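Naming: A, B, ... by sequence-line order, numbering from 1 per chain. Because the structure is a prediction, the values reported are computed rather than measured.
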Protein chains: 4
Amino acid sequence: MNKREVPSLVKDEKLVKKRRDQMIKGAVKLFKEKGFHRTTTREIAKEAGFSIGTLYEYIRKKEDILYLVCDAIYDEVHEKLEKAIDRDKVTLESLEDALVAYFHVMDEMQDEVMVMYQESKSLSKEALPYVLKKEEEMVEIFIEMLSQLVQEKQLDLDEKEIQLISHQIVVQGQMWSFRRWGLKHLYTLEEFIEKQNRLIFKGILPEQ
Amino acid sequence: MNKREVPSLVKDEKLVKKRRDQMIKGAVKLFKEKGFHRTTTREIAKEAGFSIGTLYEYIRKKEDILYLVCDAIYDEVHEKLEKAIDRDKVTLESLEDALVAYFHVMDEMQDEVMVMYQESKSLSKEALPYVLKKEEEMVEIFIEMLSQLVQEKQLDLDEKEIQLISHQIVVQGQMWSFRRWGLKHLYTLEEFIEKQNRLIFKGILPEQ
Amino acid sequence: MNKREVPSLVKDEKLVKKRRDQMIKGAVKLFKEKGFHRTTTREIAKEAGFSIGTLYEYIRKKEDILYLVCDAIYDEVHEKLEKAIDRDKVTLESLEDALVAYFHVMDEMQDEVMVMYQESKSLSKEALPYVLKKEEEMVEIFIEMLSQLVQEKQLDLDEKEIQLISHQIVVQGQMWSFRRWGLKHLYTLEEFIEKQNRLIFKGILPEQ
Amino acid sequence: MNKREVPSLVKDEKLVKKRRDQMIKGAVKLFKEKGFHRTTTREIAKEAGFSIGTLYEYIRKKEDILYLVCDAIYDEVHEKLEKAIDRDKVTLESLEDALVAYFHVMDEMQDEVMVMYQESKSLSKEALPYVLKKEEEMVEIFIEMLSQLVQEKQLDLDEKEIQLISHQIVVQGQMWSFRRWGLKHLYTLEEFIEKQNRLIFKGILPEQ
DNA sequence: AATGAATGAGAGTTCATTCAT
DNA sequence: CATGAATGAACTCTCATTCAT
């Protein structure tokens with residue numbers, strides 16, 4: 001369930017990866033501008049640098065592109081996040097590092113994040129769960145960190161609180177993406193991060 | 001800028017309102033199920049109980065329907081919220097009441113909220129600002145309340161903090177809509193509200 | 001099972017009949033010339049005298065046109081045949097009349113018959129049985145006549161013989177359509193009929 | 001006119017024959033299942049065991065495959081028939097043998113026969129005559145046999161009758177192929193042959 | 001001689017919008 | 001005011017054919 005293979009007529013896996021990367025890049029750009037439904041497969045092919053025929057050598061249906069895009073975005077977010085944090089030794093400081101890293105990633109990938117949020121519901125009943133799964137894994141990262149901190153008595157939260165807060169963290173990162181119009185003129189990214197972190201820690205640290 | 005008139009060929013304003021209400025009701029139902037793009041104007045007309053020809057007596061383009069829908073949703077949320085709170089005499093208690101009211105509205109209108117979030121970017125460059133304006137007004141409600149509380153020295157927050165927190169409140173309400181899959185099995189609405197309120201107050205109350 | 005309704009978006013049944021007749025007429029002409037697969041829906045619409053959009057108001061899929069064509073052809077053959085014969089009072093003479101009528105119909109509708117024979121296998125699994133049923137009904141007409149004659153002791157054939165001969169009659173009529181290249185330069189229709197009838201009667205009359 | 005060369009880029013004739021045989025075998029199988037138009041060149045190549053590129057080394061256009069298939073089928077029918085009969089010494093008995101052989105061949109090659117009948121009209125104006133010629137040759141076999149028998153006064157038929165009956169024989173063999181649905185549940189092949197032969201002989205033998 | 005990735009014309013189908021009734 | 005038949009631009013997807021390797 002962790003991956004859903006999108007079949008390709010082309011056998012050479014290297015090439016498949018290359019072409020799909022071109023495709024995804026072009027698609028993200030177009031989806032950002034006009035959304036999934038307003039973007040035509042021909043435009044995607046053109047933006048990717050090949051013909052419509054070639055496009056369909058690498059996917060079966062237009063929806064596959066959306067799936068690949070969502071998949072790629074999450075993978076990238078995931079990867080960047082994992083790189084930034086050390087899951088083995090969790091401290092309050094490393095939690096803060098993780099938050100900083102997460103907010104930075106969300107800033108860098110603003111457009112991609114918006115695309116996913118606005119278009120994922122266009123995925124079919126079959127593909128959607130795979131994308132939601134990815135999203136869940138993101139929440140999971142924070143759940144794990146918080147759980148460890150609780151175990152080590154650095155925080156005092158029950159299971160349900162951990163989950164709620166983790167969701168909240170993830171959502172607050174997304175907020176930076178889809179509320180730029182309301183936030184960007186007030187805060188720089190750095191200020192926003194600092195403020196958010198302070199609020200989050202206020203929420204979780206035991207009141208003394 | 002507060003309203004954008006959608007022109008109608010029909011002059012009788014009462015009738016226009018009636019037909020548009022039918023239309024909006026049908027459209028929301030369909031948009032919930034299949035999204036804006038997958039819903040056809042024919043389907044909307046049918047669901048509304050009149051013919052496609054009649055539909056086009058009351059709007060110019062399909063997008064007008066989306067605008068009317070978004071407009072109606074915000075109006076309803078707004079109205080319910082205003083009804084629940086007393087903006088004249090703000091206390092920490094009435095802030096809490098407002099939060100409770102807000103979360104309840106977001107719960108009742110889950111589907112509508114999702115529709116707006118996922119489809120509003122399908123609005124044209126001209127219509128979008130009007131919808132964003134509505135959204136801003138929602139944030140405004142909380143900004144005002146918080147500002148008053150600050151003025152009355154019940155809270156100690158600067159202007160930017162007020163805005164950030166107001167955005168956060170609004171987003172957290174929306175979170176209940178578009179994260180049901182992750183939250184509903186953990187919390188009842190009441191528990192969720194209680195938890196959220198505690199966290200919000202923790203965030204804003206001065207540490208003693 | 002006797003009819004398979006092809007759904008139409010247009011409600012007015014008279015209009016549906018009229019438009020479909022135009023459509024069928026155009027389609028038969030084109031199918032004759034280039035076959036079902038080589039004929040485009042656009043060509044059919046044009047030949048029928050309306051736009052591609054209108055075409056699709058009266059059918060759901062291209063295949064529906066083929067079904068309507070096959071259906072119409074059989075109906076016409078059937079009708080002409082029923083008109084020519086009196087099923088109540090069967091004599092050897094009226095059997096001969098029926099044969100003459102049948103061969104005439106097959107001559108008049110040569111092209112249509114060819115279309116059906118060469119294209120019916122393009123029908124879907126669902127539609128094909130309905131067309132085969134029609135064909136069977138044609139065979140049935142002769143089975144009934146022969147059966148009556150046997151009952152009245154005018155002929156001496158068992159059940160299986162009756163069926164085989166009926167099939168043979170039907171096939172021989174079709175032969176005139178799809179073997180014109182080999183037969184037309186030898187026989188006029190009248191000669192062909194006369195010869196065929198003589199052969200058929202030789203085959204079924206008891207040897208004296 | 002007896003053969004129409006389909007040009008090949010490959011010079012080695014042995015190889016050409018081998019590859020085309022593979023191709024024909026695969027194509028017949030696929031055409032049986034889904035018809036000429038629904039079968040793609042890719043599928044044919046795959047079924048034949050080589051790549052699409054290789055396929056086009058041995059033909060110029062998809063239609064060539066259909067021509068080769070029709071050609072091959074007739075060749076096979078022809079060959080089997082010639083093997084079964086002795087054209088030099090024709091008697092009423094050997095005519096019967098020929099009929100038996102012919103019906104057997106038609107039974108063995110049912111699917112192939114259907115393919116030819118339903119797809120040959122997809123051949124181009126240039127290729128069709130070559131295929132019809134083959135068909136004519138089949139009729140010719142019976143014309144020759146009957147003519148000899150007439151010459152030897154074993155039968156009394158004029159030229160036109162001979163031709164009609166020959167056509168009829170050929171058609172009746174085909175009938176066994178494309179009317180299985182109506183005949184197979186009534187007759188075994190052996191019964192069918194016996195019945196048909198009796199009818200044919202009744203038709204041609206002088207009434208005593 | 002064999003491969004298979006690339007191509008793009010062209011097919012079927014949909015659907016927002018119009019307009020005569 | 002209401003209707004719904006008519007329109008055709010535009011979309012997704014297919015597949016015969018080519019050609020560099």
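- When both distances must be under 3.5 Å, the Watson-Crick or G-U wobble mate of dA6(E) is dT17(F).
- At whole-Å resolution of the value, CD1 in I44(C) and C1' in dA11(E) are 12 Å apart.
- Under the Watson-Crick and G-U wobble criteria, each requiring two contacts below 3.5 Å, nucleotide dA1(E) is left unpaired.
- For the pair G53(B) and R60(A), both in contact range of DNA chain F, the more 5′-proximal nearest nucleotide belongs to G53(B).
- R38(C) has no carboxylate O lying under 4.0 Å from a charged side-chain N of E43(C), or vice versa, which leaves the two without a salt bridge.
- Rounded to an integer number of Å, the gap from E13(A) CD to dG4(E) C1' is 16 Å.
- Remark: P of dA11(E) and CZ of R38(C) are 11 Å apart, rounded to the nearest angstrom.
- At a cut-off of 3.5 Å, with distance as the only test, a side-chain donor of E135(A) or Y117(A) sits close to an acceptor on the other residue.
- Exactly one of K62(A), R60(A), K61(A) qualifies for a side-chain hydrogen bond (donor to acceptor under 3.5 Å, both in side chains) with D64(A). That residue is R60(A).
- Residue L55(A) contributes atom CG, which lies 11 Å from atom P of dA6(E) at whole-angstrom precision.
- Among the protein residues, K18(A) comes within range of no part of the nucleic acid, since none of its heavy atoms lies under 4.0 Å from any strand.
- Close to dT17(E), at under 4.0 Å from its OP1 or OP2, lies a side-chain N or O of K61(B).
- Taking the side chain of K11(B) as heavy atoms from C-beta on, and the options dT3(F), dC1(F), dA2(E), the nearest nucleotide is dC1(F).
- Nucleotide dC1(F) holds its C1' atom 6 Å from the OH atom of Y58(B), rounded to whole Å.
- Interface remark: the R42(A) side chain does form a donor-acceptor pair with the dG10(E) base, using a distance-only criterion of under 3.5 Å.
- R20(D) places a side-chain N or O within 3.5 Å of a backbone atom of Y58(D) that can act as its donor or acceptor partner.
- The side chain of L15(B) lies closest to dA2(F), out of dA2(F), dT12(F), dG12(E).
- Closest contact between the side chain of T40(C) and the listed nucleotides dT7(F), dA11(E), dA5(E) involves dA11(E).
- One interatomic measurement links the two molecules: NE2 of H37(B) to C1' of dT12(F), which rounds to 15 Å at whole-angstrom precision.
- Out of dA5(E), dG8(F), dG4(F), the shortest distance to the side chain of I52(C) is found at dG8(F).
- Residue-level contact check: L9(B) touches neither bases nor backbone, having no heavy atom under 4.0 Å from any strand.
- Backbone-only contact: T39(A) has heavy atoms under 4.0 Å from sugar-phosphate atoms and none from a base.
- Between H37(A) and H37(B), the ring planes are parallel. Angles under 30° get that label, and only those over 60° would be called perpendicular.
- As rounded to whole Å, 17 Å separates atom C1' of dG12(E) from atom NZ of K62(A).
- Between K29(A) and D111(A), no side-chain nitrogen of the basic residue sits less than 4.0 Å from a carboxylate oxygen of the acidic one, so the salt-bridge criterion is not met.
- Atom pair E57(C):CD and dT17(E):P shows a separation of 16 Å (rounding to whole Å applied).
- Between Y56(C) and dT14(E), a side-chain N or O to OP1/OP2 separation shorter than 4.0 Å is absent.
- For dG12(E), the OP1/OP2 oxygens have a side-chain nitrogen or oxygen of T41(C) closer than 4.0 Å.
- Distances from the side chain of T54(D) to the nucleotides dT3(E), dA16(E), dC1(F) place dT3(E) closest.
- The phosphate of dA2(E) has OP1 or OP2 within less than 4.0 Å of a side-chain N or O from R19(D).
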